[in-house]
Amino acid sequence: MNRKDIIQYTTACVMLTSGIVLAFLCFFFNGHDITDGVLWYVAQTIVYAGSIFGVSIYIKSKFEEIQQK
């Protein structure tokens with residue numbers, strides 16, 4: 001793995017962790033109610049992490065497929 005991959009995976013994991021922590025904190029400190037802004041942030045962290053993991057896996061599999069041909 002090169003430096004770019006490590007940075008991408010680290011930021012994706014940090015974003016997912018921050019979204020989960022924010023959702024739990026908002027749920028327990030806000031009377032079991034999660035506000036719209038927190039839900040939007042959690043959704044954006046999931047989209048970001050999914051794009052990082054999904055796109056890199058797809059590109060690597062296609063690159064290996066091309067190399068085999």
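Because the structure is a prediction, the values reported are computed rather than measured.
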> Got a second to check how far I20's CD1 is from L25's CG, nearest 0.5 Å?
Replying inline: 12.0 Å
Determine all donor-acceptor pairs shorter than 3.5 Å in which one atom belongs to a side chain in residues 29-40; sequence neighbours excluded.
from : atom 1 : to  : atom 2 : distance (Å)
N30  : ND2    : D33 : O      : 3.3

> If Ile, Leu, Val, Met, Phe, Trp and Tyr residues are connected whenever their side-chain heavy atoms lie under 4.5 Å apart, and connections chain through other members, are M15 and V21 in the same group?
Replying inline: no
> Atom NZ of K4 and atom CD1 of I6: how far apart are they, to the nearest 0.5 Å?
Replying inline: 12.5 Å
>> Could you measure the distance from the OG atom of S51 to the CD atom of Q8? Nearest 0.5 Å is fine.
In response: 9.0 Å
> Side-chain heavy atoms under 4.5 angstrom apart, residues restricted to Ile, Leu, Val, Met, Phe, Trp, Tyr: same cluster for V47 and L16?
Replying inline: no
> Who pairs with A12 by side-chain contact (heavy atoms from CB on, under 4.5 Å), at least two apart in sequence or on another chain?
Replying inline: Y48, A49, I52, F53
> Nearest heavy-atom pair of Y41 and S18: which atoms, and what distance?
Replying inline: OH-OG, 2.9 Å
> What closest approach, in Å, do V42 and T45 show between heavy atoms, and which atom pair accounts for it?
Replying inline: O-OG1, 2.6 Å
